[in-house]
Structures are given as C-alpha cells and as structure tokens.
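For clarity, every value in this text was computed on a predicted model and none was experimentally measured.
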Amino acid sequence: MQPQQSQYPQQMPPQPYPYVYPAAPVMVAPPQRQYAVPEGRRVPTIWAISLVTVAAVASLLALGGGLLRPLAPAPYRGTVYASPLTQDDGAWQLASDPSNQCAFANGSLDAVTTTAATTFTSSCNLSNHIVSDFRLSVRLLPPADATNTFYASLFVRSTTTTGVAFIVSNSGLIRAEIPDHSTAVLTLSADQWHTNTPDGNVFVILAQGSTYTLAMNGVEVYQGDLNGYAEIQASSGSIGVGAVPLVSGSTEARFTDFSLTAP
C-alpha cells in the first residue's frame, strides 16, 4: 500500500533574516551610434556666447520699458521740399534785420539773433509751402562763431496768430511754445543729444492730427498732444526756422539736410 500524501503543502525550509533574493540581471542599452557633425553646422563657442549676450541685453532693454525706442519708419512719402541747405535755392525768405539775420553761410542756412531782437518770430520762412500733417527732419549744427550760443527754433503750422515753436538748446533741452502763452507747454530733455560734435544732431518732428512725435538722432523722445495745447492750434500752416534771443549775448543756429514730407 502506497503511503497517503498529506493534504497540507510542505513548508519551505526556514530562510535567514533578512531574506535575500537573487538579483535580477541588469539590462544595459547598447551604445548609440555617433554621427559626425558637418562642418557647416558647427557653431563656434564665441558665437554661441555672443548670441546669449545679445539675448540678455535685449531682455534687459525690454524690462526697462524700451528706453531706447527707435523712431518708426516715416509714414509719409510725398516730398514737399528737400535740400542740403548748402546754398541758396530761392526757397526761403531770409530775414535781414540787424538783430535777426538769416543767410546761407558756413555751409548751412545760418540764423543769428542778438539780444536786440524782441519779437518771437522765425528768421527764415519756407516760401509757398503750407502743410497739415507732415514729417520734418533737419540736422542742427553748432555755431560757426564760437562766441555765440546754440539756441535753435523750428516753427510749424504757423499762421499770423497761431502755431507751435520747438526750441532746442545747446544741452539738448527741448521746449514747445505757442503764441500768447507765457510759459512753455512742453519741456523735456533729449538724452540722445550729442554735445560739441561737428556733425550736429538730427531732429525730427512728426505731426499727425493733434499728435506730435519728436526724435533726436533716430531715437523717439516724445509723443503726445503737447499737454492738450496742440488741439487748439491751427491744423495747417507754414514752416520756419531761426535762432532764439537770450537775455545777453548772441545766439546762432545752423540748419542742413532739410527734408519735409507729407501724405
């Protein structure tokens, strides 16, 4: 007779503590195939560093609110008048008052004003050109006479009773004045002004309705309605330039590379 098997499973032999199980085999991925980088696609380290630097500077400028906002491309293409102003082309009415002179001299349209000048008027007027919306660009040069102080004025949309005068000093201070108003309606400082440079400074005035945009050397320095005063001024008028008299001494402003465009 066969011995009868137990209905209970046989117990496993005791294991030492802690229990140790055989380690599973470690699967190692085969090495990836290396491909040579073509010469034309390699980026030198110095280029990579430069790209990172440029990106960092751009980010800082963006965080700073665009402190150097470039002037947008000119919206007007219709040329009203353009001249280097190196010689008389018959387009300007030149003042001949001894205290408020304007002449083509020193390679420019040269305006000189003394303290005897009492009226706040332009020295030179652009003849036969009445503009509404416009873009004016002009290069302002330092005085030819070192004893004179640079103090330029540009009159826009001028009539017999209204208009706006933009005045630029030798430190880059810009003021906007209107007739019959005792104080400036706008005062700002153009940090992009270049001092004591023979190349001068390029000043741009853009008029669109009652909004004026001002730029110095390609950088926008103001955009607005002159604190609301532009809305009550004439929407069209003539263009003039000149020098502003001081309390003492003489002032001089030289103008070249003049451009006036309109829609």
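Of the residues Asp225, Ile178, Leu226, the one that meets the side chain to side chain contact (heavy atoms under 4.5 Å, CB included) test with Leu186 is Leu226. With Phe166 as reference, Tyr212 is the one residue of Tyr222, Tyr212, Phe155 to meet the ring-ring contact (aromatic ring centres under 6.0 Å, His included) rule. For the side chain to side chain donor-acceptor pair (under 3.5 Å) test with Tyr81, the passing option among Asp89, Thr261, Asn128 is Asp89; the others fail.
Aromatic rings of Trp92 and Phe258 (six-membered ring for Trp) have centroids within the 6.0 Å cut-off, being under it.
Of the possible polar contacts, one joining the Arg139 side chain to the Asp199 backbone as a donor-acceptor pair under 3.5 Å is found. With hydrogens and angles ignored, the 3.5 Å screen pairs a side-chain donor or acceptor of Asp133 with a backbone N or O of Gly209. Checked by atom type and distance alone, the side chain of Asp97 pairs as donor or acceptor with a backbone atom of Ser99 at under 3.5 Å. Side-chain atoms of Gln233 do not come within 3.5 Å of backbone N or O of Val164 as any donor-acceptor pair. Here the side chain of Asn125 pairs no donor or acceptor atom with the backbone of Gln93 at under 3.5 angstrom. Remark: side-chain polar atoms of Arg157 are paired, donor with acceptor, to backbone N or O of Ser132 under 3.5 angstrom. A donor-acceptor contact shorter than 3.5 Å is absent between the side chain of Arg175 and the backbone of Thr187. The main-chain N or O of Phe104 is never found under 3.5 Å from a side-chain atom of Asp110 such that the two would form a donor-acceptor pair. The closest donor-acceptor contact from the side chain of Asn201 to the backbone of His194 lies under 3.5 Å.
Each of Tyr151 and Val112 belongs to its own hydrophobic cluster when Ile, Leu, Val, Met, Phe, Trp and Tyr are linked at side-chain heavy-atom distances under 4.5 angstrom. Residues Leu206 and Val219 fall into different hydrophobic clusters, defined by Ile, Leu, Val, Met, Phe, Trp and Tyr side chains chained together at heavy-atom separations under 4.5 Å.
Neither side chain, Asn106 nor Ser108, offers a donor N or O lying under 3.5 Å from an acceptor on the other.
The minimum heavy-atom distance linking Asn170 with Trp193 is given by the pair O-NE1, 3.2 Å. Of all non-hydrogen atoms in Gly200 and Asn217, the two that sit nearest each other are O-OD1, 4.5 Å. The two residues Gly163 and Pro179 come nearest to each other via the heavy atoms O-CD, 3.3 Å. Heavy-atom minimum distance, Arg254 versus Ala144: CD-N, 3.6 Å.
A 6.0 Å sphere centred on OH of Tyr229 holds no more than 12 heavy atoms belonging to other residues, nucleotides or ligands.
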